[in-house]
2 protein chains.
Amino acid sequence: MNALLAPGLSRTAAIIEGRMASDAAPRIPEVTAHLVGAGGKRVRPVLVLASAALCGETGEDAAKLAATVEFIHTATLLHDDVVDESRQRRGRPSANLLWDNQSSVLVGDYLFARAFQLMVEPGSLRVLGILSNAAATIAEGEVLQLTASRNLATDEATYLRVVRGKTAALFSAATEAGAELAGADAGTVAALRDYGDALGIAFQIADDLLDWEGGAEIGKNPGDDLREGKMSLPVIKAVASGSREFWHRTIELGRVDAGDFEQALDLVRAAGALDETRTEALGWSARAKAMLNGAPEGPVRDALADLADYVVARIA
Amino acid sequence: MNALLAPGLSRTAAIIEGRMASDAAPRIPEVTAHLVGAGGKRVRPVLVLASAALCGETGEDAAKLAATVEFIHTATLLHDDVVDESRQRRGRPSANLLWDNQSSVLVGDYLFARAFQLMVEPGSLRVLGILSNAAATIAEGEVLQLTASRNLATDEATYLRVVRGKTAALFSAATEAGAELAGADAGTVAALRDYGDALGIAFQIADDLLDWEGGAEIGKNPGDDLREGKMSLPVIKAVASGSREFWHRTIELGRVDAGDFEQALDLVRAAGALDETRTEALGWSARAKAMLNGAPEGPVRDALADLADYVVARIA
């Protein structure tokens with residue numbers, strides 16, 4: 001995929017580099033360089049560029065929108081780390097730890113604003129509608145996640161809403177905006193939007209599953225979600241089948257002792273929750289691939305199909 | 001002024017009420033209702049409505065932009081209170097105290113996103129350019145203020161840049177966007193933008209002066225800025241004329257003891273810094289009024305001139 005989109009990706013990198021600077025406030029490039037320099041997979045810019053290219057648009061405007069979604073994503077990471085009191089991000093100490101929460105909040109705001117400046121430039125009101133709606137859905141999902149945390153009453157519908165907010169909204173806005181920018185017909189735009197939505201959900205469910213099954217080799221520290229009181233899909237499914245006393249103590253009261261993760265793992269396994277979660281992630285991945293039938297054929301479409309396999313490869 | 005703009009203001013209030021809600025995340029309307037319910041002067045919406053009305057536009061789109069600037073302002077208040085660890089806002093306990101920092105950060109993000117959704121709706125790319133640039137300038141100013149704090153090397157040029165960011169950028173974007181929405185000619189748009197810029201600077205300098213001269217009757221607690229290590233104009237001017245040891249201890253090291261505010265007051269008075277600061281605020285107010293010569297005559301223009309007097313009335 002990255003080979004197919006190489007010129008667009010290097011244009012995007014140049015825009016990110018240029019726009020994250022600020023002459024007025026030197027703290028800004030310090031923080032952004034720390035975060036952007038650490039890399040990350042840039043899957044969201046890839047989705048914009050791929051979707052636009054698939055529909056015939058490979059110019060500077062596509063790169064601007066690709067940089068836009070990366071800025072929105074980076075801004076939410078900065079704010080998430082304040083909210084979660086994180087200590088690590090992309091394998092480095094997080095910005096809130098290196099500088100302070102203040103800098104993370106305000107530099108995040110700056111990146112949001114830069115994203116909005118960038119998305120205005122291509123001059124498409126429809127694209128602006130897509131991306132500003134996504135920004136609202138993301139923020140809504142983050143707030144919802146906050147109130148769902150440590151709350152055993154959280155159900156699967158709420159979980160899906162949180163996942164759409166925190167991950168799928170920006171994935172689907174990326175593919176939808178790319179297609180819209182390229183002037184694709186309504187059916188194609190909708191197909192690519194739905195591909196992004198399903199891909200994002202598959203990605204997030206797989207990520208939540210890996211918190212139970214993964215290990216340090218993939219950058220996971222099993223049990224983190226339990227300790228944070230996160231109501232992820234395996235827990236929601238396990239709670240529905242019993243042992244409320246255990247979940248009340250660990251999730252709601254936050255009292256997690258040695259051996260509790262192992263017991264929790266036994267409970268989610270016994271409830272069949274891990275297998276069900278895996279099946280759901282694979283289902284969303286399959287749905288993403290099915291959506292591609294509504295998009296133009298070619299090597300970029302094949303690469304998008306591969307991406308849908310890739311996001312669940314670690315759990316399959 | 002408020003009588004002249006009454007229909008627009010009630011339309012704006014209805015939009016604010018409607019758009020600050022969220023079905024998905026009940027925490028959002030709790031926080032926004034707390035803050036928006038506390039009132040505030042709504043000077044920024046007034047600036048949009050007045051500028052638009054002056055140029056012949058009094059419809060729904062003007063109210064949408066008025067609600068937009070109020071949302072941006074409210075979002076920055078929520079984030080400022082996290083950054084400053086404030087305990088009060090608009091005479092009530094601040095949101096970060098009533099809920100938590102997380103809610104303030106995320107609900108602020110939600111209001112930013114809602115602002116961007118709203119500003120897209122009138123369909124004017126020029127208005128979008130104005131408001132997205134203002135958002136970036138605001139965030140830049142906030143970061144600059146953070147690094148200027150407790151730093152005696154801060155000069156008047158930096159102070160002005162901070163003031164433009166934290167206050168004048170949204171004032172001038174409000175008046176510029178209102179005129180632009182109404183389709184005013186370039187000269188009128190520029191005059192109203194410059195009016196907003198000068199008005200915002202006059203307002204902020206007066207506010208900083210009141211931290212030295214004001215009292216509880218206007219909601220001020222003299223000496224707050226000194227205790228926070230804020231490099232406001234009176235301090236910058238006083239530092240330039242001596243007593244560096246005192247300022248080093250109080251501002252840079254943050255060691256403020258009983259009697260220090262009185263000593264600081266003596267120092268800024270002796271340096272003539274309060275009078276100079278007052279003169280600057282009055283000068284910006286006069287400049288704001290002069291800019292109105294470039295705008296259409298009538299009762300709304302007269303009300304804008306009165307507003308320029310009003311913002312410095314407390315210090316004149």
Side-chain angles (χ1 to χ4, degrees), chain A residues 19 22-28 31 75-76 79-80 82-85 99-121 123-126 128-129 131-149 158 161-162 164-165, chain B residues 19 22-28 31 72 75-76 79-80 82-85 99-121 123-125 128-129 131-149 158 161-162 164-165:
Chain A
R19 302 293 180 104
S22 159
D23 294 337
R27 172 70 51 87
I28 291 174
V31 175
T76 61
H79 286 183
D80 277 355
V82 172
V83 168
D84 300 341
E85 297 168 357
W99 288 275
D100 42 43
N101 278 342
Q102 285 98 318
S103 296
S104 291
V105 171
L106 298 177
V107 174
D109 288 350
Y110 180 71
L111 289 179
F112 269 130
R114 294 299 255 172
F116 281 105
Q117 282 182 306
L118 265 168
M119 74 173 79
V120 171
E121 292 181 20
S124 162
L125 286 167
R126 295 174 83 152
L128 284 162
L131 292 169
S132 63
N133 289 343
T137 305
I138 293 167
E140 229 170 352
E142 300 269 5
V143 178
L144 188 60
Q145 174 170 257
L146 196 64
T147 49
S149 167
T158 302
R161 211 157 182 174
V162 169
R164 281 210 152 97
Chain B
R19 301 295 180 102
S22 160
D23 294 336
R27 172 68 51 85
I28 291 174
V31 175
I72 294 176
T76 61
H79 286 183
D80 276 356
V82 172
V83 168
D84 299 342
E85 296 167 358
W99 287 274
D100 42 43
N101 277 342
Q102 286 97 319
S103 295
S104 292
V105 170
L106 297 178
V107 174
D109 288 350
Y110 180 71
L111 290 178
F112 268 129
R114 293 300 255 171
F116 281 104
Q117 283 182 307
L118 265 169
M119 74 173 81
V120 171
E121 292 181 19
S124 161
L125 286 166
L128 284 162
L131 292 169
S132 63
N133 288 342
T137 304
I138 292 167
E140 230 170 350
E142 299 269 5
V143 177
L144 188 59
Q145 173 170 257
L146 195 64
T147 48
S149 166
T158 302
R161 211 158 182 173
V162 169
R164 281 210 153 97

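From a predicted model like this one, the values you see are computed outputs, not experimental measurements. Lettering follows sequence order; numbering is per chain, from 1.
- In terms of heavy-atom pairs under 4.5 Å with chain B, the best-connected choice from Gly129(A), Ala113(A), Ser132(A) is Ser132(A).
- Looking at Leu146(A), the atoms closer than 4.5 Å to chain B (heavy atoms on both sides) all sit in the side chain, from C-beta outward.
- Most heavy-atom pairs under 4.5 Å with chain A, from the set Val107(B), Leu118(B), Val120(B): that is Val120(B).
- Contact count against chain B (heavy-atom pairs under 4.5 Å) is highest for Val105(A) among Val105(A), Thr137(A), Thr158(A).
- With rounding to the nearest 0.5 angstrom, the CG atom of Asp80(B) is 7.0 Å from the CG atom of Leu106(A).
- Residue Ala136(A) comes nearest to Gln117(B) through the heavy atom pair CB-OE1, 3.6 Å, listed as atom of the first residue, atom of the second, then distance.
- Using a 4.5 Å heavy-atom cutoff, the side chains of Asp109(A) and Val143(B) are not in contact.
- The OG1 atom of Thr147(B) lies 8.5 Å from the CD1 atom of Ile28(A); values are rounded to the nearest 0.5 Å.
- Residues His79(B) and His79(A) form a side-chain contact, since some pair of their non-hydrogen atoms from C-beta on lies under 4.5 Å apart.
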